[in-house]
Amino acid sequence: MYDELYGYLKTYLIQNNWDDEYTKNGARSIFTTICLCCNIDADTARCDQMLRELYDTADIQELDVSYDEFENFMIEYIV
């Protein structure tokens, strides 16, 4: 289940615009689902690895969004 959802999330972020509120909220919802279903806590190596890969893969830095902003937004519902 993890691989399928995480793969979907990566594709979702690549194909959609992070500046769109629906994209951001959808990505956070999928990420939250992955974390809750797979027992991944915030501030763990696995969580950090996923977020860093998502940030880099989707080129979110190109949108002038810092990694810290991205991370804080994505983990809001699991902290």
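Quantities reported herein were computed from a predicted structural model and do not represent experimental measurements.
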Going from [atom1] on [X] to [atom2] on [Y], what distance comes out if it is rounded to the nearest 0.5 angstrom?
X	Y	atom1	atom2	value
K10	I30	NZ	CD1	13.5 Å
R46	I40	CZ	CD1	4.0 Å
I34	N39	CD1	CG	13.5 Å
N17	K24	CG	NZ	10.0 Å

Is there a side-chain contact between [X] and [Y] in this structure, where contact means two heavy atoms from C-beta onward sitting under 4.5 Å apart?
X	Y	value
I78	F31	yes
T32	E76	no
L36	Y77	no
T57	L13	no
M50	L9	no
W18	D59	no
N25	F73	yes

Are more than 12 heavy atoms, taken from residues, nucleotides or ligands other than [X], located less than 6.0 Å from that residue's [atom1] atom?
X	atom1	result
Q49	CD	no
Y8	OH	no
D64	CG	no

Legend entry - For the student: nearest non-hydrogen atoms of Y12 and G26, plus distance: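 Heavy-atom minimum between the residues: OH-CA, 3.7 Å.
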Inset, instruction - Write down the atom of C47, the atom of A42, and the distance for their closest heavy-atom approach. - result: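 Nearest heavy atoms, C47 then A42: SG-CA, 4.0 Å.
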Out of curiosity, does [Y] fall in the hydrophobic cluster containing [X] (side-chain heavy atoms, cut-off under 4.5 Å, transitive links)?
X	Y	value
L63	M74	yes
I60	Y67	yes
Y22	L54	no

Legend entry - Y55 (side chain) donor-acceptor with V65 (main chain) under 3.5 angstrom: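 A pair under 3.5 Å: yes.
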